[in-house]
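Okay, so here's the structure we're looking at.
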2 protein chains.
Amino acid sequence: MMKLSTKGRYGARLMLDLAIHYDDGFVLLKDIAKRQDISEGYMEHLLPHLKAAGLINSLRGARGGYKLAKAPSEISLKEVVQSLEGPLTPAECVVAPSVCKRVSFCVTRDIWKEVGEKISQTLESVTLKDMVEMQKNKGKASLTYNI
Amino acid sequence: MMKLSTKGRYGARLMLDLAIHYDDGFVLLKDIAKRQDISEGYMEHLLPHLKAAGLINSLRGARGGYKLAKAPSEISLKEVVQSLEGPLTPAECVVAPSVCKRVSFCVTRDIWKEVGEKISQTLESVTLKDMVEMQKNKGKASLTYNI
DNA sequence: ATATTTCCTACTAATTTGATAGGAATAGTT
DNA sequence: AACTATTCCTATCAAATTAGTAGGAAATAT
């Protein structure tokens, strides 16, 4: 149904959490899981992908944990989602022409390609820093209106 | 993986085929299936959705078949995909807030919503007529370069 | 040494996806 | 009226994907 899987969705929240705690050194997965209300065991599966993409660093053992490999302003949501979900295109044929013999004359493929580019652009325009700012503003709003 | 299912992909091709044969009256599913190289039995499952969305008309019995309910220029790809895949949003929470208790303060949700709007805009800007034109140009190009 | 933490692999349950099958209802044709 | 062609409807099924659990090995600080 044209949906992100939990990989992309949880991954975005995980990285936002790391961005919020960017100045706190290494952050425990346990703590992220608790704050984000995501199963620690499942979230563990996301980390190798984020690490392979050069987005996070980790330290094992006591006092270990995870932290961003770059400043929040240097990491776009596109990198995060792409590292977890693969190519941001709505159809496989765009990125792997061999899956369909109609690629050379298929009009829908051209359109799927365009849609993928729009998705990429949108996600690329949002950095983790932007998201932290958005979060701060949300907190302020709820303080103003909900109390 | 942020992909359309075959419903959306096959549906787009089905509707393009109907648009190409818009002046030929009722078109046989059998013929569409043959031209598009899609299993007739499977494609049958797409038609009720397209009909419910008011995009096609059908006639049973001998001399029956399917045809567009409106001119190709009056049908956007968005309507087609949406009728088959449901809401064009990358996360369920955007359209069904009850699935997650974090919606009120979740930043990622705001972003998923924005991405969904971009996808909608892109698909809405393409009509079946546009796609027919694209197809014609492709045919011309292949005639020029491939022979 | 010991406690803590990441890291790695295997397994499993649930859901979704893609597809097939059989026949009922309908509309033209002879 | 009988016949043929077609849409329409429902049930079933296999394969793939997704989401999650479990157990323990490797590494690091104290």
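If you're wondering where the values come from, they're calculated on a predicted model, not measured in any experiment. Keep in mind that the numbers below use all heavy atoms, side chains included, and drop hydrogens, waters and symmetry copies. Lettering of chains follows the sequences in order, A, B, ..., and the numbering in each one begins at 1.
More than 12 heavy-atom neighbours from other residues, nucleotides or ligands sit within 6.0 angstrom of NZ on Lys138(B). In Arg63(A), the CZ atom is not crowded: 12 or fewer heavy atoms of neighbouring residues, nucleotides or ligands sit closer than 6.0 Å. Atom NZ of Lys70(B) has more than 12 heavy atoms from other residues, nucleotides or ligands within 6.0 Å. Within 6.0 Å of the CZ atom in Arg35(A), the count of heavy atoms belonging to other residues, nucleotides or ligands exceeds 12.
Here Leu29(A) lies in heavy-atom contact (under 4.0 Å) with sugar-phosphate atoms only. When heavy atoms are screened at a 4.0 angstrom cut-off, Leu59(A) is found touching the sugar-phosphate backbone but no base atom.
In this model, no side-chain donor or acceptor of His45(B) finds a partner on the base of dT17(C) within 3.5 Å.
Annotation: of the two residues near DNA chain C, Glu44(A) and Arg63(A), the 5′-most nearest-nucleotide partner is Arg63(A). Annotation: of the two residues near DNA chain D, Ala62(A) and Gly41(A), the 5′-most nearest-nucleotide partner is Gly41(A).
Of the side-chain N and O atoms in Thr6(B), one or more sit less than 4.0 angstrom from OP1 or OP2 of dG18(C). A sub-4.0 Å separation between OP1 or OP2 of dG20(D) and a side-chain N or O of Tyr10(A) is present. Ser39(B) has no side-chain polar atom (N or O) that falls below the 4.0 Å cut-off from OP1 or OP2 of dG18(C). For Ser5(A) and dT17(D), the shortest distance from a side-chain N or O to OP1 or OP2 is not below 4.0 Å. Side-chain N/O atoms of Lys30(B) include one lying less than 4.0 angstrom from OP1 or OP2 on dT6(D).
Between Met2(B) atom CE and dT17(D) atom C1' there is a gap of 17 Å when expressed in whole angstrom units. Remark: C1' of dC8(D) and CD1 of Ile56(B) are 12 Å apart, rounded to the nearest angstrom. Remark: C1' of dT6(C) and CD of Glu40(A) are 10 Å apart, rounded to the nearest angstrom. When rounded to the nearest whole Å, the span between NZ of Lys51(B) and C1' of dT26(C) equals 11 Å. For the pair His49(B) NE2 and dC9(D) P, the computed distance is 12 Å after rounding to whole Å. The CD-C1' distance, from Glu85(A) to dA19(D), rounds to 13 Å in whole Å.
Between Gln135(A) and Met131(A) there is no side-chain heavy-atom pair separated by less than 4.5 Å.
When each of dC7(C), dA25(C), dA19(D) is scored by its nearest atom to the side-chain atoms of Ser58(A), the top-ranked nucleotide is dC7(C).
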